[in-house]
Amino acid sequence: MESDLRSELSRQGVMIVSLEALYNWGRSNSLWPLGFGLACCAIEMMAASMARFDLARFGAEVFRPSPRQADLMIVAGTVTKKMAPQVVRLYNQMPEPKYVMAMGACAISGGPFKQGYNVLKGIDRYLPVDVHVPGCPPRPEALIEGLMALQRRIMRQRLTGPERPRHLQAGEASELPVPTLGARDIEPPYHAAVWRPPRVARAS
Amino acid sequence: MERLASIQARIEAALPEAKLALAANPGASGQHSLVVEAAHLEAVARRLRDDPELQFDYLSNVTGVDWLDRVETDKVRVKREYQGEEIEVEESVERRVPGYLEVVYHLYSVARGTGPLVLRVRTGNRTDRVDVPSLANVFRGAELQEREVYDLFGVVFTGHPDLRRLLMWEGFSGHPMRKDYVEPDDYEYEPTPHGEVAAKASRRYAKRGQP
Amino acid sequence: MNMEGILALTGWGGLRWVGPVELFERGPVWLRDWAVGWLPEGAKVWAEGLIPAVAVLAVFGLLFGLATVAERKLLGRIQNRPGPNRVGPYGWLQFAADGVKMLTKEDVVPRSADRVLHFLAPIVMLAPVALSLAVIPYGRDLVAADPRCGLLFFFAVGSAAEVAAFMAGWSSRNKYSLLGAMRAIAQMISYELPLVLSALTVVMMAGSLSLVEIVEAQSGYWWGVIPRWHVMTPWGLAGLLLFMAAAAAASNRAPFDLPEGESEIIGGFMTEYSGFKYAIFFMGEYFGMFAVSGLAVTLFLGGWQAPLAVLEAAPSYGWFFLKLGVMIAWFIWVRGTLPRLRVDHLLNFGWKYLLPLGALNLLVAMVWRGLGGWAFPGAGAVRWLACLAMIGLPAILWGRLLMRSRGWGPRVYRYAS
Amino acid sequence: MIDRGGSRRDECEAGGEDAGRLEVSMGPQHPSTHGVFRMDVVLEGETVVRLKPVFGYLHRNHEKIAEQTTYLGSMPYTDRLDYFCSLTSNWAYALAVEKLAGLAVPERAEYLRVITAELTRLQNHACQMGFMLQDLGAMGTPMMYAFREREKILDLFESLTGSRMMCNYMRFGGCRADAPAGWIEAARGVVGDFPRFLDEYEALLATNEIVMARTQGVGVLPRDLAINASASGPVLRASGVGYDIRKTDRYGVYDRFDFRVPVGDHGDCYDRFMLRLLEMRESVKILEAALEQIPAGPVIDGKVKLRNFKPRAGEAYGRIEGPKGEIGFYLISDGSASPYRYRVRPPSLINLTALEEMCLGQKVADVVVILGSIDIVLGEVDR
Amino acid sequence: MSVEGAGLIRGFIETGRNLVGSYVDPRRWVTVQYPEERRATPENSRVYPFLVYDGADPEEGLRCVSCKICEKECPPQCIYIVPAQDERGRPRKHPAIFDIDISVCMSCQICVEVCPFDSIKMDQAYAWDREDRFGGLLLHKADLARPNRYYRELHPAEARVVDEHLARERELRESGVRAAVRASLPGSGEPGGGT
């Protein structure tokens, strides 16, 4: 339905709720995160769920310890190469629809530790990330902003057509290949299907 | 320094075969150390722990240091014949000093509130003679730290109850904390490259060949 | 409006003037009779069973949704935060959002799982507890089924839920699930007994296994003010406390939520469940809590009886659900306060503490009845205190003995010189 | 002392490789391993017969990075070691560098260091108790109360240092910035309110029968083993060793304050829990005195260079009593702008040395409690 | 002398007090309902750096002279600077490119401390959530430039000190120039320099 017609109707007191809107409303307002902390950012994630900021107001305080019941993976902290296979495995264990939030500089790009030999330079090399929340660590307010951005993103999604969410597209795998630990480095260094970085022109 | 010398004398009196050397610290901290031969490390540590006058019962810190092979130039005076005359000239001679791995122990005494006593022990070289006796049987506190030194520096602790890698995964090769460790190259996306990283990143971009 | 009341359809065909009190009180029954009346004769029997069943499921389904939100809000308040407050008015539609999400979530079955058992377990979890809701009288004449042995039916059916927990844990092929399942079984065996024992006291005093009759046995008031609920007697009070402790264990609520102990074994037997199956487990757990709370209300708190004679004007089912709400709030409060027990503590607590006290309570109830003949001034108070001491003192002393024998107790600390 | 631990281990292994054993890998993603820590546990029923910790899931190469950057550049990284206690890590590092370079610290800076370190101790201990109770299965309530108080302290940190968690506050030869106007008063208010929270905690938990049953006699660390395994901080003191670096080393200006060091006699989880409670009460005393006595003056030695800081060749080991135990830094300088060797002595890692001994024969539910009572933080364990 | 069970009851009283207290006691009602309610961040608070410019033109007024000190001192190496060049190819005291990768920045403010020109300062905006990592989190010169007025609003006390310092420097520089000019004039015996 056209959005202006819908808004006109709602002004007249007629609420039109499409199945799509209901579906999006449900999943955006019930984002249960995986209780999954990696490093410093996990503490701010916890702080966000505590009394001062209270993530519960958004219905998102139900930190599920089991990935089977979680909707949102907040990658909060440094992903090391040793940990990366487990993170991908956890993502694979989550049921669709699932979302990934990269919280903090380390999860996005390796952050301050990107120079390290055991640090993965961004979880988006292996997982499709929906929202990036930079910060070192992000303040709880920033995390809440990120959560609201994710909610808006879900509400915007159309269930049909080429723009439909990933989990509704045929051929999009719910499980991603798990990288393995090699003798010197993690292999492969990234999944080409997920990660397509642009080239930044820089003088060496 | 004096106190350390008296400790040295005390240990040498109790363990005549163990030769200790004093290593002076040129820095401001004044924490000088005792260098122990690897063969006598365990006996010395046990003595330090059990001697009623010393009671260094608390092994606070164990760590490795990688000293690379280095070239030293010594000034030597040599006699040379110069225009039929023998004169003494100063020449610089390059000398290759083999590197070694060093394990440093910081001991404290809980019973007496003294410390730190710094012990150092050195391996033969950096490649094949890298073993040092483990202190895990004298101080349990050394167990995990020795594993870490093994993992990151490649010092092999003989007699360690469970010598496995601590931080890196099983099957990893190399010892990352060594000074000559070459880090894996994963600079596929570097918007702010510097120095060496910039070179690596541009190599990466050239290989990928995408715009 | 007519002072006589309003015109109401009282059942099939009976149209007469009734007052608002009667309307609310009898309304549900009339509604049922009216609906049944439309049907042909052969279908009436079925409808008479089906309509209450649907009504119970609908009411408790809604209650389940509201209880989850209430739990999150109340826990929030205990923890100095508001809890869900943005979805729907004051956050009360949070359960709907969760429900929509759960319904549309992918259902993952682990590759190595036993698919049949894995599928059946949530159903086996929910069905018996839903059945056990049938025998609870929600109001005057408002009970889905009133068998002569209602209490027996309740316990027989209710304990099937633990089988479901074991099915779930076993079929998931996950070590944490299995640990949770084993804990569930151990817990069931230990806690059914004290649960039944404390209920048995009531059966003995009321002389009936029918829950409707047990409620009726608690009607009336002492001196016209204090309701004759069982909880007002020493044995009833002790019985209620024992029952609530055992009930928390039976419904896997804190501090006895070991089968799913999140901090130890992830989600216990539910670890591998996702989407709607998980929601059904969740629902089964809440239904179990409603059932035991409803039974506690029925057995000890006078069921649908009003607390004061003047308040009897309010509909009886209103009182029942109010009391049920208080019980649920108590469960939530406990969850917000207490840490979890350990398996062996749980078993010890059940076998060594609750069970002997339950048996003692039976004795106290007998004494209470035996002392009923006393007729000197203040006899009531003496009898009350004597019986309370009979159960209270052993409870405290026995508890102390058990604690001290393990060396548990407060400590005094020294300071280094 | 070691032999006993060893024999106990052998005994359990000799118990037979019969059926009924269950190998569980707890972690690296487990709600109660406080991050990405893993324990490979062998269970008989629910009893632990073997436990092997697996580290390294958060090994982010702190030491290597520090050897490639300047002395100053490592300071913000020390924040991220123990992300609950950035200020004490700052202090330990600054202390080591000051020893290395022979720097003195102005008096006001010393007081600010004591104040921030003790505030850090308060919030760390409060949160540790919250986490431990979370592991015991309390639905977050104690943790919520702890974080409620922590936020007040973080507000102080933010207005002093600019950041809630990653303070990066201390510099070689002092502190980066002086306290803003009104900060001391605000800190006095927070410290004055704190005992109320401690009372609340004590009422909620200290005599709670379930807490006592779950923690008393659980995870006992005998005195000799505690010393031999280099345990430190509250873990060491709970085992009956009155060893506090604030008293022994008298670093900073700690000798000006009157405080006591509580000591436990049983070495179990309850002792470790209660000691933290008592230590917080002592910290409040230190804070009250420090906020009263703090002198005016500069907060940093103006002669110390910020850039091109090159201490002369040598080495130093500096340590302080962090909330989790002895945190020390060992530095070797070769006279250049970055340390030749940079080593962190991580209390969390070393306190885990005797984890297996503490867990053997206990139930699986106790393992998480024992781990919680040790108070580890993975950033520091793996570095 | 304690009675078993008293500990549990004490716990219930405590949680009950908090339950009631969250309705009546402001000390037990600590939630800041973000985004409707926001707490003012303290003056010292810091998130990401920005570049200060004087005057009205964000390009020409930039204080940055492209000395690359911050680039070198930045611990995670997230700053990238290329100096501008004039027509003859000589480096100008102005950055052509000044990028900060905030997906790497650790908000340590070491760049602020080492900057001798007071040109880089810390911002307090924290909401940087982006769906696009590659474009959205690399801040360029234009995104980073902020007027001095903005800095004064964020950090009033600090800005006052900086402004005074800069004014004094400018004065010295100008008086130095004047003195130097005077010194170069014939017949003047005044010593030059602006110390």
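Please read all numbers here as calculations on a predicted model, not as lab measurements.
Here D:Asp271 pairs with C:Arg411 in a salt bridge; the nearest charged N to carboxylate O distance falls below 4.0 Å.
With contacts defined as side-chain heavy-atom distances shorter than 4.5 Å, the pair C:Thr337/D:Asn208 does not qualify. You'll find the side chain of C:Arg340 stays beyond 4.5 Å of the side chain of D:Leu136, heavy atoms only. Residues C:Tyr413 and D:Leu275 have side chains in contact (heavy-atom distance under 4.5 Å, counting atoms from C-beta outward). C:Val343 is not listed as a side-chain neighbour of D:Val364, based on a closest heavy-atom distance of 4.5 Å or more.
For D:Tyr270, the parts lying near chain C are the backbone and the side chain together; criterion is any non-hydrogen pair under 4.5 Å. The parts of C:Arg342 that come within reach of chain D are both its backbone and its side chain, each placing non-hydrogen atoms under 4.5 angstrom from that chain. Contacts of D:Leu204 with chain C are made by side-chain atoms alone, with heavy-atom separations under 4.5 Å and no backbone atom involved. Heavy-atom distances place the side chain of D:Arg148, and not its backbone, under 4.5 Å from chain C.
Listed for the D:Thr141 side chain is a donor-acceptor partner under 3.5 Å among the backbone atoms of C:Gly336.
Taking each heavy atom of D:Gly242 and C:Ala416 in turn, the nearest pair found is CA-CB, 3.7 Å. The minimum heavy-atom distance linking C:Arg81 with D:Met144 is given by the pair NE-CE, 3.2 Å. Considering all non-hydrogen atoms of both residues, C:Trp408 and D:Met212 come closest at CD1-O, 4.0 Å. Across all non-hydrogen atoms, the minimal contact from D:Ala365 to C:Arg183 is CB-NH2, 4.1 Å.
Within a 6.0 Å sphere centred on CH2 of C:Trp398, heavy atoms belonging to other residues, nucleotides or ligands number 12 at most. More than 12 heavy-atom neighbours from other residues, nucleotides or ligands sit within 6.0 angstrom of OH on C:Tyr415.
Of the listed residues (D:Ile210, D:Val367, D:Val211, D:Leu278), the greatest number of heavy-atom pairs within a distance under 4.5 Å of chain C belongs to D:Ile210. Comparing D:Glu23, D:Lys247, D:Met143, D:Arg237 by heavy-atom pairs within less than 4.5 Å of chain C, the highest count is held by D:Glu23.
Annotation: the span from C:Leu402 atom CG to D:Glu209 atom CD amounts to 12.0 Å, rounded to 0.5 Å.
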